[in-house]
Amino acid sequence: MIKERINKLRQKLEQLGLDGFIVMSPLNRRYISGFTGTSGILLITHKQNFLFTDFRYIEQAKSQAPAFQVIKHEFPVTKTIKEITQRLPLEFLGLEGDFITYKQFQDFQDGLDNIKLVPQEGIIENLRLIKDNEEIKNIRKAAQIADKAFKFILEKIKPGLKEIEVALELEFFMRLQGASSTSFDTIVASGYRSALPHGVASEKVIEKGDFVTIDFGCVYNGYCSDMTRTIVIGQPSEKQKEIYQIVLEAQSIGLNSVKAGLGAKEVDLQSRSYISRKGYGEYFGHGLGHGLGLNVHENPSLSPRDSTELLENMVVTVEPGIYIPNWGGVRIEDLVVVKATGYDNLTRFTKDLIII
Ligand SMILES: [Mn+2]
């Protein structure tokens with residue numbers, strides 16, 4: 001698994017005419033090496049793999065990243081990297097131009113005057129687009145924990161509870177089920193706040209007549225999940241039923257257009273044009289979905305601006321919504337694996353309108 005990832009990276013380096021690549025972003029570092037510590041730099045050349053870290057992480061790095069030579073670095077780290085690189089045939093060194101700071105780049109330039117630095121963008125992120133079986137297993141488990149948590153929370157929610165109390169119960173439950181953390185700040189947006197697409201749980205008290213949008217996920221073994229359901233407290237009004245049905249249908253149209261070979265923006269268009277035909281296009285202002293993996297937001301993005309072709313074993317969310325200011329809103333989100341002829345839905349919870 002790690003070997004395959006390193007091989008793919010090497011093929012890419014070959015194509016780009018690079019002799020090596022420096023990895024500093026924590027998620028990319030974990031993806032390429034297996035090392036989960038908070039501090040470390042990878043150097044991958046055509047023949048060798050090095051992991052530079054400090055005293056705290058030497059043992060952990062050796063056990064988590066057996067494909068790498070673990071080296072305790074001096075300060076500044078460029079001193080150690082220079083010593084190593086001087087012994088290698090290494091002239092052109094790629095690094096993560098979309099991650100490192102200007103200061104870090106300057107330090108590298110000053111410290112590695114023997115090398116030509118070549119900033120790159122998205123090299124490892126592109127490898128991460130397609131998930132392997134191990135990754136899908138972890139994402140599926142994270143989605144299962146979220147599904148269970150939602151079932152649990154439905155028995156707790158009642159008028160009079162604050163949004164943050166609901167969020168906390170959800171999070172506590174997921175941690176008990178083996179999640180290491182939430183994958184983002186839990187959204188519990190009730191009543192007029194459900195019109196806020198990212199209404200992080202607040203002090204607002206949940207009341208009768210409210211839509212409550214709950215958008216949440218957890219991290220399992222490093223991998224994220226993400227799901228959204230909108231429920232209603234008390235009998236829904238005609239307008240609430242109408243909006244819910246439109247979003248539900250738009251979500252189902254989006255899901256049913258997911259398959260390998262289709263463009264990300266085509267999937268978005270299918271779902272979006274349905275909402276527009278129903279007269280609510282202006283109230284659906286975000287993309288239909290996003291890729292997910294080690295990070296909760298990854299490529300591709302299911303949006304009018306992303307022409308990426310969907311490929312088998314990409315993992316994406318499908319989450320249309322309608323948000324009407326000062327009234328409320330609905331979003332429904334599932335997490336799916338793209339397949340040759342369709343999709344495998346990792347979110348199993350019912351999407352029928354739940355009335356509390
Ligand atoms: Mn999402």
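Order of appearance sets the numbers: ligands from 1, and atoms from 1 within every ligand.
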>> I'd like the atom name of the N/O/S atom in Glu333 lying closest to the Mn ion (ligand 1).
In response: OE2

> Hey, which N, O or S atom on Asp226 ends up closest to the Mn ion (ligand 1)?
Replying inline: OD2

>> Quick test of your reading of the model: are Asp215 and Arg331 salt-bridged, counting only N-O distances below 4.0 Å?
In response: yes

> side chain to side chain donor-acceptor pair (under 3.5 Å) between Thr228 and Glu319: does it pass, once the steps are laid out?
Replying inline: CA-CA 8 Å; Thr228 308; Glu319 49 178 310; 4.6 Å; no

> Is any N, O or S atom of His290 under 2.8 Å away from the Mn ion (ligand 1)?
Replying inline: yes

> What pairs with Asp19 under side chain to side chain contact (heavy atoms under 4.5 Å, CB included), at least two apart in sequence or on another chain?
Replying inline: Leu90, Glu91, Phe92

>> Strictly under 2.8 Å, is the Mn ion (ligand 1) approached by any N, O or S atom of Glu319?
In response: yes

> Which pairs count as ring pair (Phe, Tyr, Trp, His ring centres under 6.0 Å) when at least one residue sits in residues 222-256, sequence neighbours excluded?
Replying inline: none

